[in-house]
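Here the structure is laid out as structure tokens; the discussion comes afterwards.
The shown structure was predicted, so the numbers you read here are calculated from the model rather than taken from an experiment. Read the numbers this way: they start at 1 and go in the same order the structure lists the ligands and their atoms.
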Amino acid sequence: MTSAADTVLKLIDRGTGGRPAIGAPGRQPMTFAGLTALARRTIATLNTYGIGRNRRVAIVLDNGPEMASAFIAIAAAATTAPLNPGYRLEEFEFYLADLKAAALVVAKGAPTPAREAAAKLGIPIMELVAPPVGAPGDFVLEPTQKMPDTVADGPAQADDVALVLHTSGTTSRPKIVPLSHANICASARHIRETIALSPDDVCLNIMPLFHIHGLIAAVLSSLGAGASVVCTPGFNALKFFGWLDEVKPSWYTAVPTMHQAILARGDRNKEIIARARLRLIRSSSASLPPQVMAALEETFRCPVIESYGMTEAAHQMASNPLPPRTRKPGSVGVAAGPDVAIMDEAGNLLPTGGLGEVVIRGPNVTRGYESNPDANAKAFANGWFRTGDQGTLDDEGYLRITGRLKELINRGGEKVSPLEVDEILMDHPAVQQAVTFAMPHDKLGEEVAAAVVLREGESASERDIRDFAAKRLADFKVPRKVVILAEIPKGATGKLQRIGLAQKLGLGA
Ligand code: AMP
């Protein structure tokens, strides 16, 4: 595999042309031949409009087959930059400018603030038009204004950047993670090998397709295996069992909160579960409580495979293996693609059982954050990439994540940078100081909370501050709890400490 599109082209050579590639509930799927034709057409269209290899195309589309096919087809020619459609105007302005996007792709007729952001920045918009009759995922791109002159770049190559995503890091400014075709194809292969995907597999995708988990674990791993992926409009616990019954997937991958919401409706859907043909259930992006794993296995009568992923690794780093090998609840499994080790602060690798930072190296790992030498100097040590997660390896090579060295908040798999939220809160006229932190939550694991100190003589309620934040931050980043304090408690060293603040303030689960 050299590029994502090559993956698809090569499969057709192996006779998969007529087999289903991308589907949607209630519709006849697009075949591998159809997807390849779409990729070829998209290369030609983008090149005609001056967009070629390594130029960035921001994509703002709802979840569904067009988002999956746009990722593959646009990456065949250029660099894809999928953005969360839930962002507010200000967030779109930041991301589009930071990406230096050459174009923005939005669905025809979709009223997204991304349009206004692109117009402000002078970024041309291309509308994605899905034909009224046609396979799910089929589209044409129509520019809405004059585009640059034609380029003759042709298909993307292995070392070209296929995908850029922003990571919510510890620093206030989200960092750009470039992932080459080689990176994402390696990761897709690792996932395929871990869960033994074959052309007979059918994945039901419920993960958002602006996140590495959905793009690589559900879409590219399936296509790379010659298998198909059926794309839903996004997770919906009420609709899940209907899809399960209709699509008869052999597996799905999701974050723990989705598994919990599914389990909560399990009793009401016993007949559908009895008819289901799930071979496995995969969980990643946040820690899966062992009780949830046990309940899922009992309900669906198939193995639950917990994996450990991150954007910088093009998703998968470690995974529990399929039976007959052992799954260890509470562990994220064994190295599953890259090498995985534990490192101390000084950069020494620790022996088995040692507690330290999880580090990785391998073909799926990004070559480094873009234009960010400081971040790269901190992130790479002796050829290893530091994940910012703390963990330990047992004598059988199973990894347990024990904590986090980075300040990132993990809201059930959605990552939130506390500094980004601080900056918005600080713009509120009554706020003098703001510290955003993770508060324990029984379902999400962590939820966003903030402590603020008001300016003397000013007043604002918790509600005012949350409403203010909600205008400028996507829903998932808005603090669910804002505590107004006279002073923010400091750690033993007198420093502000986000970690442990929830406990100090008595905000338990
Ligand atoms: P993302 O870049 O959004 O995929 O987030 C990556 C981060 O999610 C990792 O660095 C971990 O902190 C966390 N994470 C991913 N998978 C797991 C897991 N199975 N258990 C615990 N934390 C996880």
Side-chain angles (χ1 to χ4, degrees), residues 82-84 163-170 174-179 183-184 187 190-191 194-195 207-218 253-260 281-290 292-293 296 304-321 327-338 340 342-343 357-360 364-366 369 375 379 384-393 398-418 420 438 444-446 474 476-477 499:
L83 295 177
N84 183 341
L163 171 65
V164 290
L165 290 168
H166 277 89
T167 173
S168 336
T170 312
K175 294 177 287 220
I176 293 182
V177 184
L179 295 166
N183 290 150
I184 65 171
S187 189
H190 298 153
I191 295 161
T194 301
I195 54 174
M207 281 301 295
L209 293 178
F210 50 80
H211 189 245
I212 195 77
H213 181 161
L215 290 169
I216 308 302
T253 183
V255 296
T257 49
M258 295 178 185
H259 294 307
Q260 277 167 288
I281 293 174
R282 184 177 183 277
S283 183
S284 190
S285 298
S287 146
L288 181 70
V292 178
M293 175 175 169
L296 271 175
V304 171
I305 304 298
E306 176 169 11
S307 310
Y308 169 50
M310 110 183 273
T311 306
E312 290 87 331
H315 194 53
Q316 185 168 287
M317 300 179 277
S319 182
N320 278 282
R327 303 186 290 298
K328 291 193 184 175
S331 151
V332 296
V334 296
V340 175
I342 305 295
M343 190 179 267
E357 183 165 7
V358 181
V359 293
I360 52 166
N364 55 314
V365 181
T366 180
Y369 300 110
W384 293 86
F385 175 81
R386 293 177 174 273
T387 60
D389 293 315
Q390 186 196 54
T392 172
L393 285 164
Y398 283 70
L399 177 65
R400 240 165 244 278
I401 305 291
T402 51
R404 216 177 299 138
L405 304 163
K406 54 193 175 191
E407 287 175 331
L408 182 85
I409 301 170
N410 191 347
R411 190 181 177 275
E414 286 180 306
K415 310 303 182 311
V416 180
S417 155
E420 186 187 348
L444 294 166
E446 292 177 359
F476 71 96
K477 299 181 197 166
I499 295 167

Check: [X] N/O within less than 3.5 Å of ligand 1 N/O:
X      : result
Ser285 : yes
Asp389 : yes
Glu312 : no

Give the intermediate values and the outcome of side chain to side chain contact (heavy atoms under 4.5 Å, CB included) for residues Val358 and Gln390.
CA-CA 6 Å; Val358 181; Gln390 186 196 54; over 6 Å; no

Say whether, by atom type as modelled, one donor and one acceptor occur between the side chain of Lys477 and the main chain of Ser417 under 3.5 angstrom.
no

Asn320 (side chain) donor-acceptor with Ser331 (main chain) under 3.5 angstrom
yes

Select the closest option to [atom] among [options], judged by heavy-atom distance.
atom                    : options                : answer
atom 17 (C) of ligand 1 : Ser283, Pro256, Ala286 : Ala286
atom 19 (N) of ligand 1 : Ser307, Ser284, Ser287 : Ser307
atom 2 (O) of ligand 1  : Ile401, Leu165, Thr311 : Thr311

Consider side-chain contact (heavy atoms from CB on, under 4.5 Å). Of Leu163, Val177, Ile216, which one does Thr311 pass it with?
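For Thr311, the side-chain contact (heavy atoms from CB on, under 4.5 Å) test succeeds with only one of Leu163, Val177, Ile216, which is Val177.
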
Go through ligand 1 atom by atom and flag the ones less than 4.0 Å from a non-hydrogen atom of [X].
X      : value
Val332 : 18 (C), 19 (N), 20 (N)
His211 : 1 (P), 3 (O), 4 (O)
Glu306 : 18 (C), 19 (N), 20 (N)
Asn410 : 8 (O), 13 (C)

With a 4.5 Å cut-off on side-chain heavy atoms, are Met317 and Phe385 touching?
no

Ligand 1 contact on Lys415 by region, counting heavy-atom pairs under 4.0 Å
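Side chain only.
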
Stepwise, does the side chain to side chain contact (heavy atoms under 4.5 Å, CB included) test hold for His213 with Arg282?
CA-CA 11 Å; His213 181 161; Arg282 184 177 183 277; 3.7 Å; yes

Any non-hydrogen atom of Lys406 lying under 4.0 Å from ligand 1?
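Contact present.
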
Any heavy atom of His315 closer to ligand 1 than 4.0 angstrom?
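His315: no contact with ligand 1 (<4.0 Å).
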
May I have the step-by-step check of side chain to side chain contact (heavy atoms under 4.5 Å, CB included) for Met207 and Met258, ending in yes or no?
CA-CA 9 Å; Met207 281 301 295; Met258 295 178 185; 3.8 Å; yes

Nearest non-hydrogen protein atom to atom 4 (O) of ligand 1, with distance, is Met310 CA, 3.4 Å

May I ask you to identify the nearest protein heavy atom to atom 15 (C) of ligand 1, giving residue, atom name and distance to one decimal place in Å?
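Going atom by atom, the protein heavy atom closest to atom 15 (C) of ligand 1 ends up being Gly309 O, 3.2 Å.
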
Which residues satisfy the salt bridge (charged side-chain N to carboxylate O under 4.0 Å, His left out) test with Glu446, sequence neighbours excluded?
Arg404

If the condition is side chain to side chain contact (heavy atoms under 4.5 Å, CB included), which residues does Ser283 pass it with, not counting sequence neighbours?
Pro256, His259, Leu288

Side chains of Glu312 and Thr366, donor plus acceptor under 3.5 Å
no

